[in-house]
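Mind looking over this structure? Questions follow.
Remember, it's a predicted structure, so these values are computed and weren't measured experimentally. Within every chain, numbering begins at 1; the chains are lettered A, B, ... in the order of the sequence lines, protein sequences first and strands thereafter.
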Amino acid sequence: MLQTLPALHAPKLLSWYDRHHRELPWRVNPAAAKAGKRADPYHVWLSEVMLQQTTVQAVKPYFAKFLALWPKVTDLAAAPVEDVMAAWAGLGYYARARNLKKCAETVALEHGGVFPDTEEGLRALPGIGDYTSAAIAAIAFNRQSAVMDGNVERVISRLHAIDAPLPGSKPLMKARVAELTPSDRPGDFAQAMMDLGATICTPKRPTCALCPFRDDCLAFAEHDPESFPVKAAKKEKPVRFGAAFVAVTPGGEALLKRRIESGLLGGMTEVPTTAWTSRVDGGTTADHAPFPAGWEACGTVVHVFTHFELRLSVFRALTEKVAVDDGWWEPVTNLEAQALPTVMKKAIAQAISRAFEKHPN
DNA sequence: AATTCGTGGTT
DNA sequence: TAACCAAGAAT
């Protein structure tokens with residue numbers, strides 16, 4: 001049989017990890033880890049939350065910024081939530097930032113500023129689910145927890161040639177991960193599985209020749225590792241339409257408002273917009289502007305969210321600083337400090353560049 | 001259990 | 001270039 005005993009897999013992978021691990025800002029290298037050194041639980045937690053559905057490259061600058069602003073979890077707990085949202089702006093999935101703040105508060109107020117050191121204790125905290133609780137427990141506390149993210153799903157599904165589709169096959173795969181996870185160096189094992197998935201066992205054109213599991217892998221033996229994991233068909237992405245209104249005063253202030261706490265871009269800052277509907281009717285005209293002004297169309301911004309595409313017609317107006325009951329006027333020189341999601345930065349950039357072209361101060 | 005949550009890089 | 005997808009969680 002091609003399959004070896006599961007227990008033999010872990011040393012093989014750890015040996016590979018010792019030589020080929022990625023060096024990451026939040027990580028303790030395997031040599032230090034073997035000497036008993038552990039990564040700071042705060043750093044591990046912060047990086048893991050940022051890395052949820054987000055690439056290492058995107059996370060790196062945010063991780064550095066957050067640590068500079070808030071060196072300890074108690075600093076983050078004490079920070080104004082608006083500051084946290086502004087610092088998170090651009091990273092996406094903004095519920096993570098709200099839960100990050102809540103979690104920091106819980107750790108500071110209910111756990112004396114110390115993270116729980118068990119998977120169960122971690123799992124009870126806001127924004128920490130099945131994956132993240134297992135990952136922190138393994139990486140920061142060397143617990144023998146089964147860590148399964150998208151990388152691990154890919155590695156496991158190929159190793160065992162699991163053809164049942166995700167997400168239904170998740171429990172089966174997690175059981176396989178649990179079988180493989182060693183009591184020795186479980187944290188390094190988890191990180192090694194993810195490094196293997198990220199650098200060798202990639203979604204397209206995996207480098208099987210360099211894989212420590214090559215001789216054990218059923219998918220490789222079947223000559224079709226790329227066909228794993230099998231996933232359920234995804235729905236097609238609908239298109240929604242809307243209009244955004246960028247009002248600027250002669251003094252160089254733009255009208256901003258805050259979105260409601262829940263739902264899409266919850267708690268983030270925006271310029272006034274119409275509702276985003278599935279039809280074009282009215283959404284692309286200035287009829288629904290926040291107040292009467294000389295609204296001028298200045299093009300369309302297309303932005304792709306997870307489950308729909310938005311085509312936002314952008315309007316701008318140079319106006320007096322009218323009183324608004326919902327929102328505030330912010331100097332455009334201070335927009336960088338606002339909690340503006342990327343779609344709003346696109347809309348504002350489209351409008352303001354034109355405003356300053358036509359009306360240089 | 002299926003949906004709803006961003007964004008940017010890669011292929 | 002359109003599709004895929006990245007250290008998933010909450011509801």
Whole-Å P distance, C/dA7 and B/dT10: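 Pairwise P distance, C/dA7 against B/dT10, rounds to 13 Å.
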Distance between P atoms of B/dG8 and C/dA9 (Å, rounded):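 After rounding to an integer number of Å, I get 22 Å for this pair.
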Sugar-phosphate only, base, or nothing, as touched by A/Pro341 at under 4.0 Å among non-hydrogen atoms: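 Sugar-phosphate, no base atom in range.
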Of all pairs that satisfy side-chain hydrogen bond (donor to acceptor under 3.5 Å, both in side chains), the ones with a partner from residues 126-139 of chain A, not counting sequence neighbours: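 Pairs touching residues 126-139 of chain A that pass the test: A/Glu48-A/Tyr131, A/Gln52-A/Thr132, A/Arg123-A/Asp130.
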Pair listing, side-chain hydrogen bond (donor to acceptor under 3.5 Å, both in side chains) test, anchored in residues 70-91 of chain A, at least two apart: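 Applying side-chain hydrogen bond (donor to acceptor under 3.5 Å, both in side chains) to every pair that reaches into residues 70-91 of chain A, excluding sequence neighbours, yields nothing.
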Candidate nucleotides B/dT4, B/dT7, B/dG9, ranked by approach to the side chain of A/His307 - the nearest: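 Minimum distance to the A/His307 side chain belongs to B/dT4.
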For A/Glu153, salt bridge (Lys or Arg N to Asp or Glu O under 4.0 Å) partners two or more places apart: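 Applying salt bridge (Lys or Arg N to Asp or Glu O under 4.0 Å) to A/Glu153 gives A/Lys170.
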Rounded distance (Å) that lies between atom C1' of B/dT7 and atom CG of A/Leu340: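 That distance rounds to 15 Å.
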side-chain hydrogen bond (donor to acceptor under 3.5 Å, both in side chains) contacts in which one or both residues fall within residues 231-255 of chain A, not counting sequence neighbours: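 side-chain hydrogen bond (donor to acceptor under 3.5 Å, both in side chains) check on residues 231-255 of chain A returns A/Thr249-A/Glu253, A/Glu253-A/Lys321.
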Whole-Å gap separating P (B/dC5) and CG (A/Leu310):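 These atoms are roughly 13 Å apart.
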Contact list for residues 179-188 of chain A, test side-chain hydrogen bond (donor to acceptor under 3.5 Å, both in side chains), sequence neighbours left out: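 Pairs touching residues 179-188 of chain A that pass the test: A/Asp18-A/Arg185, A/Arg185-A/Asp188.
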Residues forming a side-chain hydrogen bond (donor to acceptor under 3.5 Å, both in side chains) with A/Lys257, sequence neighbours excluded: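 By the side-chain hydrogen bond (donor to acceptor under 3.5 Å, both in side chains) rule, A/Lys257 matches A/Glu270.
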Close residues, residues 255-265 of chain A, relative to DNA chain B [heavy-atom separation under 4.0 Å]: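 Nucleic-acid contacts, sorted: A/Gly263, A/Leu264, A/Leu265.
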Sugar-phosphate only, base, or nothing, as touched by A/Val147 at under 4.0 Å among non-hydrogen atoms: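 Touches nothing.
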Test of ring centre spacing under 6.0 Å for A/Phe305 and A/His303: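 Distance test on ring centres: under 6.0 Å, yes.
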For atom NE2 of A/His303 and atom C1' of B/dC5, their distance in whole Å: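 Value for this atom pair: 12 Å.
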Distance in angstrom units between A/Trp276 CH2 and B/dT4 C1', rounded: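 Whole-Å distance recorded here is 14 Å.
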Comparing A/Phe308 and A/Ala58 on DNA chain B - which has the more 5′ nearest nucleotide: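 With A/Phe308 and A/Ala58 compared, the 5'-side residue is A/Phe308.
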Polar contact flag, side-chain donor to acceptor under 3.5 angstrom, A/Arg96-A/Asn99: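 No - no donor-acceptor pair under 3.5 Å links their side chains.
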Qualifying residues under ring pair (Phe, Tyr, Trp, His ring centres under 6.0 Å), relative to A/His111, sequence neighbours excluded: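 Per chain and number, A/His111 pairs via ring pair (Phe, Tyr, Trp, His ring centres under 6.0 Å) with no residue.
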Footprint string (nucleotides 1-11 of chain C, 5' to 3'): B base within contact, S backbone only, - free, heavy atoms under 4.0 Å: ----SBBBSS-
